[in-house]
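Report on the structure given below.
Quick caveat, the model's predicted, so the values are computed rather than measured.
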Amino acid sequence: MEKKLKVGILGGTGMVGQRFISLLENHPWFEVTLVAASPRSAGKTYEKAVGGRWKMATPMPEQVKHLIVKNVNDVEEIASLVDFVFSAVDMSKDEIKAIEEAYAKAEIPVVSNNSAHRWTPDVPMIVPELNPEHIDIIPYQKKRLGTTRGFIAVKPNCSIQSYTPALHALKEFEPTVVVATTYQAISGAGKTFEEWPEMIDNVIPYIGGEEEKSEQEPLRIWGHIEDGVIKKATAPIITSQCIRVPVSDGHTAAVFVSFKTKPTKEEILNRWRQFEGEPQKLNLPSAPKQFIQYCEEETGPQAKFHRDYENGMGVSVGRLREDSVYDYKFVGLSHNTVRGAAGGAVLSAELLTAKGYITHK
């Protein structure tokens with residue numbers, strides 16, 4: 001791409017916003033030219049607005065330090081300055097719905113990390129390797145919004161990406177029942193151990209709203225477009241528990257699954273190793289070369305050692321074995337703030353750009 005697209009980050013001072021800025025440093029297609037946040041941060045340089053709250057392991061990129069933070073509510077002004085935006089705003093669900101739609105109606109494509117529009121019938125919820133065809137719903141959404149280039153696309157919950165890709169690679173065998181227990185890192189709550197010391201040496205067996213997302217969002221990903229809306233799949237039946245654990249980054253899932261046609265263990269391993277999606281075929285900048293890796297050692301995958309696989313954009317699977325109640329069980333792992341959040345949204349934006357939905361003004 002000869003000229004980079006100008007990108008705005010809505011909610012750029014929070015953890016996911018910081019991850020967007022970190023991942024987009026030196027991106028070949030996209031350049032962060034604007035950061036927007038709450039009115040209390042507006043008017044400050046990005047460096048001062050963040051203050052001592054920079055949570056990334058890498059330093060704050062020099063090119064964003066001196067950007068003057070905009071008020072995220074100044075939709076028309078921001079829309080005039082960028083080609084598209086990533087949304088990581090921290091607001092109520094209704095407020096997020098309203099502001100993301102306002103940007104779309106201002107003819108700005110919105111690629112959102114938030115959950116507010118995940119069940120809006122004509123908004124695609126994308127894992128680019130799994131359901132790229134869902135972006136074909138965008139013309140219906142544009143017609144509803146009355147826009148020519150503005151639309152909203154979202155990514156799913158961070159935790160489901162630790163196990164949904166592994167199941168997706170086995171769709172030909174028709175999974176019928178899935179039991180998934182997720183062990184979720186504290187960064188999923190936007191926290192570090194310094195900010196949340198009570199998580200040290202602790203496990204909390206409840207994360208509000210996560211179990212419903214874990215059970216329903218894969219079905220939307222596996223759904224289809226019909227009459228201008230996305231209809232969710234009716235199978236498999238998924239039940240889950242979601243647990244907060246004292247891990248900085250990386251969501252792990254323990255999964256039990258039964259199939260209509262039971263595959264052999266070797267067939268499963270082959271499907272995982274050979275799986276590739278549209279991002280790999282298009283050679284998108286953020287796409288992992290090998291999306292799913294299988295850990296042969298009995299003690300893998302481990303968050304500390306496998307979450308950064310493929311720069312945090314891949315999924316690690318291990319401990320595949322037959323089960324006494326279900327057909328098989330396995331363990332999955334993905335980086336929750338990279339693949340599960342900002343990185344997944346960046347890859348979605350790359351897919352949307354490659355397919356002509358995000359363009360220069």
| request: Would you indicate whether Tyr140, at its atom OH, is surrounded by more than 12 heavy atoms from other residues, nucleotides or ligands within a distance under 6.0 Å? | output: no
| message | If hydrophobic clusters are built from ILVMFWY residues whose side chains come within less than 4.5 Å, do Phe256 and Val331 share one? | response | no
| said: With a 3.5 Å distance limit and no angle check, can you tell me whether Ser214 reaches the backbone of Glu210 through a side-chain donor-acceptor pair? | reply: yes
| message | Please determine whether residues Phe291 and Leu320 belong to a single hydrophobic cluster, defined as Ile, Leu, Val, Met, Phe, Trp and Tyr linked transitively by side-chain heavy-atom distances below 4.5 Å. | response | yes
| field | Side chain to side chain, Ser38 and Val72, heavy atoms closer than 4.5 Å | value | no
| Among Lys304, Lys55, Met199, Arg307, side-chain contact (heavy atoms from CB on, under 4.5 Å) partner for Ser248 | Arg307
| Will you find, in the side chains of Ser316 and Gln293, an N or O donor that is under 3.5 Å from an N or O acceptor? | yes
| Does atom NZ of Lys65 have more than 12 heavy-atom neighbours, drawn from other residues, nucleotides or ligands, at distances under 6.0 Å? | yes
| request: Nearest 0.5 Å please: distance from the OG1 atom of Thr261 over to the CZ atom of Phe173. | output: 8.5 Å
| Ile68/Thr45 under side-chain contact (heavy atoms from CB on, under 4.5 Å): CA gap, chis, key distance, verdict | CA-CA 4 Å; Ile68 302 300; Thr45 65; 3.9 Å; yes
| Does atom CZ of Arg40 have more than 12 heavy-atom neighbours from other groups under 6.0 Å away? | no
| query | With a 4.5 Å heavy-atom cut-off, do Pro128 and Leu347 have their side chains touching? | reply | yes
| task | Grab the two heavy atoms, one from Thr13 and one from Arg53, that are nearest each other, plus how far apart they are. | result | O-NH1, 3.7 Å
| query | Among side-chain atoms of Gln280 and Lys289, is any donor-acceptor pair under 3.5 angstrom? | reply | no
| Can you tell me how far CZ of Arg339 sits from CG of Asp308, rounded to the nearest 0.5 angstrom? | 14.0 Å
| task | For atom CG of Leu81, decide whether the heavy atoms of other residues, nucleotides or ligands shown that lie under 6.0 angstrom number more than 12. | result | yes
| task | Could you tell me whether Glu101 and Lys97 have a side-chain N and a carboxylate O separated by less than 4.0 Å? | result | no
| Any side-chain heavy atom of Gln161 within less than 4.5 Å of one from Val127? | yes
| request: Group every Ile, Leu, Val, Met, Phe, Trp and Tyr by side-chain heavy-atom contacts under 4.5 Å, then state whether Phe275 and Val178 land in the same group. | output: yes
| Nearest non-hydrogen partners of Phe151 and Tyr357, listed with the distance | CE2-O, 3.3 Å
| task | State whether the side chain of Thr182 and the backbone N or O of Thr252 hold a donor-acceptor pair below 3.5 Å, judged by distance alone. | result | no
| message | Classify the ring geometry of Trp272 against Tyr294: parallel below 30°, tilted from 30° to 60°, perpendicular beyond 60°. | response | parallel
| Short question: side chain of Glu215, backbone of Ser240 - any donor-acceptor pair under 3.5 Å? | yes
| remark: Interatomic distance, OG1@Thr164 vs CD1@Ile238, rounded to 0.5 Å, equals 6.5 Å
| Counting N and O atoms only, with roles assigned by atom type, does the side chain of His66 sit under 3.5 Å from a partner on the main chain of Glu47, one being a donor and the other an acceptor? | no
| task | Calculate, to the nearest 0.5 Å, the distance between atoms CG and CE belonging to Asn157 and Met125 respectively. | result | 9.0 Å
| task | Dump the intermediate steps for side-chain contact (heavy atoms from CB on, under 4.5 Å) on Asn336 and Asp249, then the final yes or no. | result | CA-CA 6 Å; Asn336 55 297; Asp249 294 297; 4.1 Å; yes
| Single-linkage hydrophobic cluster, 4.5 Å side-chain cutoff, Leu130 and Val255 together | yes
| Considering all heavy atoms of both residues, which atom of Ile358 and which atom of Pro109 are nearest to each other, and what is their separation? | CG1-CB, 4.0 Å
| field | Asp323 bridged to Lys329 by N-O distance under 4.0 Å | value | yes
| message | I'd like to know whether NZ of Lys142 has more than 12 heavy-atom contacts from other residues, nucleotides or ligands below 6.0 angstrom. | response | yes
Please list, one pair per line, the donor and acceptor atoms closer than 3.5 Å that link side chains of residues 25-37 to other protein atoms, with sequence neighbours excluded.
unit_1 : atom_1 : unit_2 : atom_2 : d
His27  : ND1    : Trp29  : N      : 2.9
His27  : ND1    : Phe30  : N      : 3.1
His27  : NE2    : Glu350 : OE2    : 2.6

| said: I'd like to know if the side chain of Gln184 and the backbone of Ser159 have a donor-acceptor N/O pair within less than 3.5 Å. | reply: no
| Closest approach of Glu278 and Pro132, non-hydrogen atoms and distance? | CB-CG, 3.9 Å
| message | Between Glu217 and Lys155, does any NZ, NE, NH1 or NH2 come within less than 4.0 Å of an OD or OE carboxylate oxygen? | response | no
| query | Are Ile292 and Gln274 close enough that some pair of their side-chain heavy atoms sits under 4.5 Å apart? | reply | no
| query | Is there a side-chain contact between Val111 and Leu352 (heavy atoms, below 4.5 Å)? | reply | yes
| message | Could you check whether any side-chain heavy atom of His168 comes within less than 4.5 Å of a side-chain heavy atom of Trp222, counting everything from C-beta outward? | response | yes
| Where the side chain of Thr120 meets the backbone of Val123, is there a donor-acceptor pair that is under 3.5 Å apart? | no
| Please walk me through it: do Val247 and Ile186 pass side-chain contact (heavy atoms from CB on, under 4.5 Å)? | CA-CA 6 Å; Val247 170; Ile186 63 171; over 6 Å; no
| Is any side-chain heavy atom of Ser187 closer than 4.5 Å to a side-chain heavy atom of Met15? | yes
| message | Rounded to the nearest 0.5 Å, what separates atom SG in Cys295 from atom OH in Tyr309? | response | 9.0 Å
| message | Taking CZ in Arg319 as the centre, count heavy atoms belonging to other residues, nucleotides or ligands within less than 6.0 Å. Is the count above 12? | response | no
| task | Check for a donor-acceptor pair, side chain of Trp54 on one end and backbone N or O of Thr58 on the other, with a separation under 3.5 Å. | result | yes
| field | Arg273 bridged to Glu296 by N-O distance under 4.0 Å | value | yes
| task | Mark yes when over 12 heavy atoms from residues, nucleotides or ligands other than Glu298 sit less than 6.0 Å from its CD; otherwise mark no. | result | no
| field | Taking every non-hydrogen atom, the tightest pair across His134 and Ile221 | value | CE1-O, 3.4 Å
| message | Using a 3.5 Å distance criterion without hydrogens, assess whether the side chain of Asp327 forms a donor-acceptor pair with backbone atoms of Phe259. | response | yes
| message | So, taking the atom named CD in Gln290 and the one named CD in Glu276, what distance separates them when rounded to the nearest 0.5 Å? | response | 9.0 Å
Enumerate donor-acceptor pairs with a distance under 3.5 Å from any side-chain N or O in residues 82-93 to protein atoms, sequence neighbours excluded.
unit_1 : atom_1 : unit_2 : atom_2 : d
Asp83  : OD1    : Lys361 : N      : 3.1
Asp83  : OD2    : Lys6   : N      : 2.8
Ser87  : OG     : Glu100 : OE2    : 2.7
Ser87  : OG     : Asn114 : ND2    : 3.1
Ser92  : OG     : Glu95  : N      : 3.2
Ser92  : OG     : Glu95  : OE1    : 3.1

| said: For a side-chain contact (heavy atoms from CB on, under 4.5 Å) check, start with the C-alpha distance between Leu219 and Thr234, then their side-chain angles and the critical distance, and finish with the verdict. | reply: CA-CA 7 Å; Leu219 299 178; Thr234 56; over 6 Å; no
| said: Check whether Glu77 reaches the backbone of Asp74 with its side chain - one donor and one acceptor, N or O, closer than 3.5 Å. | reply: no
| Any His224 side-chain heavy atom under 4.5 Å of Ile230 side chain | no
| If you take all heavy atoms of Tyr328 and Lys265, which pair is closest and at what distance? | OH-N, 3.2 Å
| message | Keeping Arg19 on the side-chain end and Gly17 on the backbone end, is there a donor-acceptor pair under 3.5 Å? | response | no
